[in-house]
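Worksheet: the structure to be examined is printed underneath.
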2 protein chains.
Amino acid sequence: MKDYRVLLVDDEPDILEFLGYNLKKEGYQVTLASNGHDAISLARETRPHLIILDVMMPEMDGIETCAEIRRDALLKETLIVFLTARGEDYSQIAGFEAGADDYITKPIKPKVLISRISAILRRSKAAEAEKNVMTLKEFSIDKERYVVIKDGNDILLPRKEFELLSFLASRPNRVFTRDEIFSTVWGNDVIVGDRTIDVHIRRIREKLQIANIKTIKGVGYKFET
Amino acid sequence: MKDYRVLLVDDEPDILEFLGYNLKKEGYQVTLASNGHDAISLARETRPHLIILDVMMPEMDGIETCAEIRRDALLKETLIVFLTARGEDYSQIAGFEAGADDYITKPIKPKVLISRISAILRRSKAAEAEKNVMTLKEFSIDKERYVVIKDGNDILLPRKEFELLSFLASRPNRVFTRDEIFSTVWGNDVIVGDRTIDVHIRRIREKLQIANIKTIKGVGYKFET
DNA sequence: ACGTAAAGTTAATAATTTATTAAGAAATGA
DNA sequence: TCATTTCTTAATAAATTATTAACTTTACGT
């Protein structure tokens with residue numbers, strides 16, 4: 001499982017189905033939209049890693065949709081690939097201006113689509129890894145800048161809180177015992193009281209306004225997706 | 001004994017018999033169905049690990065059946081393999097969309113069937129083992145997330161109940177004496193009263209709504225499959 | 001069918017674990 | 001150094017979980 005969410009936007013149902021099938025077969029989690037408005041609201045909901053956007057659409061075209069996405073704090077980091085008919089020269093220019101990350105020219109061969117997409121995702125993942133960024137659905141953690149980004153805003157956490165959160169989020173859904181947390185976040189030689197973790201957890205919950213950090217009484221804590 | 005339950009669905013009795021025989025010979029527990037409706041109700045009853053589904057069937061074809069299964073909370077995790085005639089191209093598309101896990105093209109050679117099936121089961125088992133999940137017929141126990149999953153829903157149990165259930169389920173059908181239970185779940189140094197186990201057992205039965213935990217009077221308890 | 005020992009049930013209570021708060025110590029930075 | 005932030009602790013509150021005890025029901029051997 002590739003485990004990437006892809007939003008596919010085109011006004012032609014045939015293309016939607018055809019490309020959607022090919023992406024699903026490759027293991028992507030695909031959401032479909034047939035116009036720009038739906039695309040934006042679906043994007044807000046599903047937080048895709050990548051949006052494939054047809055340029056030529058009635059009402060709100062790809063360029064406009066793309067620009068709108070780039071303006072949206074929650075979505076502006078999303079990768080965008082344009083689908084464009086060969087010869088639509090103008091759109092390339094306008095498209096890059098609007099903030100596209102790549103282009104694919106119609107007619108589209110599935111193999112080309114797949115390889116371009118996997119390339120762009122790989123590239124962006126590599127870039128993230130290099131920058132030490134971990135992207136969750138509800139926020140991302142930038143270990144390089146030492147900030148948590150939620151809804152497009154930087155949230156600054158003190159070191160212990162940041163490290164504790166990073167640790168829990170490094171393996172979503174898995175329960176970590178207090179001992180595991182201590183030995184990773186504090187180190188084996190440091191001895192601090194039991195309540196220390198609770199207090200940090202409390203502050204993280206407060207600052208991030210999330211209910212994802214669950215307490216498993218008698219066991220430990222987990223970051224739940 | 002492979003100890004896997006396989007549901008085989010095809011409208012042609014000959015194929016059913018032929019493949020069924022070959023699977024049984026390999027040690028699979030095989031159930032047969034000759035149409036989509038039977039398949040679904042039998043699947044609900046027997047909770048197979050894997051469903052082998054012919055694509056071309058009258059009334060309710062494989063695609064539809066598969067989609068229905070994926071919609072059913074009780075069955076949606078079940079592995080599905082399609083049987084498809086060579087050249088039925090369209091079905092591959094629709095099939096993957098409906099959520100198949102693999103394909104086998106007719107005409108089917110028993111050796112191919114067996115090896116594909118054992119591969120897919122092995123793969124899924126490896127994935128589960130890695131995640132520390134124990135799958136029983138009526139529910140699974142996820143020790144990593146510390147939840148019991150029944151009919152697609154997470155059920156949260158307090159620690160003692162979770163551990164007691166895990167212990168009993170770790171060796172289905174074997175009777176554990178109260179002493180064995182105490183020394184494993186509580187530890188040898190803790191001394192608690194006789195009724196304590198009963199109360200925990202009662203709560204597990206209540207929360208999971210299962211009748212699988214059997215009392216062997218004068219001996220102990222067992223988790224029966 | 002009866003008596004008895006084992007198991008089930010229930011509610012009260014004990015014990016444990018976590019959350020919260022405020023305050024002081026330690027570290028950091030201007 | 002002083003001010004500020006971060007970390008830890010301690011005390012206490014709150015919540016959850018575990019156990020007990022009293023009583024009822026069930027199952028088994030005779």
Side-chain angles (χ1 to χ4, degrees), chain A residues 143 145-148 154-168 175-224, chain B residues 143 145-148 154-168 175-224:
Chain A
K143 289 196 181 179
R145 299 178 43 228
Y146 234 82
V147 289
V148 175
D154 285 5
I155 298 175
L156 286 154
L157 296 182
R159 202 174 79 205
K160 279 268 138 51
E161 288 165 40
F162 186 84
E163 283 170 2
L164 176 50
L165 177 66
S166 301
F167 178 53
L168 292 178
V175 182
F176 291 102
T177 63
R178 279 160 186 277
D179 283 351
E180 287 173 317
I181 294 171
F182 276 134
S183 63
T184 311
V185 179
W186 272 262
N188 287 306
D189 37 346
V190 195
I191 295 165
V192 288
D194 252 2
R195 294 307 106 227
T196 305
I197 283 185
D198 308 32
V199 174
H200 287 299
I201 291 276
R202 181 182 171 282
R203 297 212 174 113
I204 295 170
R205 284 172 170 156
E206 189 177 64
K207 287 182 191 159
L208 293 199
Q209 310 256 35
I210 51 169
N212 302 50
I213 299 177
K214 301 284 184 188
T215 306
I216 312 296
K217 223 165 164 162
V219 187
Y221 293 94
K222 69 173 165 179
F223 178 86
E224 205 170 59
Chain B
K143 289 195 180 176
R145 297 202 301 129
Y146 229 83
V147 289
V148 176
D154 285 5
I155 298 176
L156 288 156
L157 298 182
R159 203 174 74 185
K160 278 265 141 50
E161 287 165 40
F162 187 85
E163 283 170 2
L164 175 50
L165 177 66
S166 300
F167 179 53
L168 292 177
V175 183
F176 292 102
T177 64
R178 280 159 181 276
D179 282 352
E180 285 174 315
I181 293 171
F182 276 133
S183 64
T184 310
V185 180
W186 273 260
N188 287 306
D189 36 345
V190 196
I191 295 163
V192 289
D194 249 5
R195 295 303 105 230
T196 304
I197 283 185
D198 306 36
V199 174
H200 287 298
I201 291 276
R202 182 182 168 281
R203 296 208 177 118
I204 295 171
R205 284 172 170 157
E206 186 177 67
K207 286 183 191 159
L208 293 199
Q209 311 255 36
I210 51 169
N212 302 54
I213 299 177
K214 300 287 183 188
T215 306
I216 313 297
K217 211 165 168 159
V219 188
Y221 293 94
K222 70 171 167 179
F223 179 85
E224 204 171 59

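So that the names make sense, note that chain A is the first sequence line, chain B the second, and so on, each numbered from 1. Only a predicted model underlies this, so the values are computations on that prediction, with no experimental measurement involved. Quick note: numbers below take in every heavy atom, side chains included, and nothing from hydrogens, waters or symmetry partners.
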| message | Without decimals, in angstroms, what is the distance between A:L156 CG and D:dT4 P? | response | 18 Å

| request: Note the angle between the end axes of the helix from C:dA1-D:dT30 to C:dA30-D:dT1, five pairs defining each, rounded to 10 degrees. | output: 40°

| Rounded distance (nearest 0.5 Å) linking atom CG of A:L157 with atom CG of A:L208 | 5.5 Å

| Separation of C:dA19 C1' from A:I216 CD1 (nearest whole Å) | 16 Å

| remark: Tightest non-hydrogen contact, residues A:E180 and A:V175, listed as OE1-O, 3.8 Å

| Protein-nucleotide distance (B:F176, atom CZ; C:dA7, atom P), rounded to Å | 17 Å

| note | A:I213 CD1 to C:dA19 C1', in whole Å, measures 14 Å

| Is it true that A:R178 and A:D198 have a side-chain N and a carboxylate O under 4.0 angstrom from each other? | yes

| note | Smallest heavy-atom separation, A:I155 atom then A:K207 atom, equals CD1-O, 4.2 Å

| task | Give the minimum heavy-atom separation between A:R205 and A:K214, together with the two atoms involved. | result | NH2-C, 4.0 Å

| Distance test, side-chain N/O of B:T215 to OP1/OP2 of C:dG8, below 4.0 Å | yes

| query | Tell me: CG of A:L165 to C1' of D:dC7, nearest whole Å? | reply | 17 Å

| field | Nearest-nucleotide comparison on DNA chain C, the residue closer to the 5′ end among B:D198 and A:D198 | value | B:D198

| task | Give the ring-plane orientation class for B:F176 versus B:F167, where under 30° counts as parallel, over 60° as perpendicular and anything between as tilted. | result | tilted

| request: Measure the distance from CG on A:L164 to P on D:dT6 and round it to the nearest whole Å. | output: 15 Å

| said: Base contacts versus sugar-phosphate-only contacts with protein, heavy atoms under 4.0 Å: please encode nucleotides 14-28 of chain D as B, S and - from 5' to 3'. | reply: -BSSBBB-B---BB-

| request: Please report the shortest heavy-atom distance between A:D194 and A:F182, naming the atom on each side. | output: OD1-CE1, 3.8 Å

| request: May I ask you to evaluate whether A:Y221 reaches the phosphate of C:dA19, defined as a side-chain N or O under 4.0 Å from OP1 or OP2? | output: yes

| query | Can you tell me how far C1' of C:dA7 sits from NZ of B:K214, to the nearest Å? | reply | 15 Å

| Minimum heavy-atom separation for B:H200 to B:K160, with atom names? | CE1-CB, 3.8 Å

| Within a strict 4.5 Å, meaning less than it, do heavy atoms of the A:I216 and B:V147 side chains meet? | no

| task | Using atom CD1 of A:I204 as one end and atom C1' of D:dC7 as the other, report the distance to the nearest whole Å. | result | 13 Å

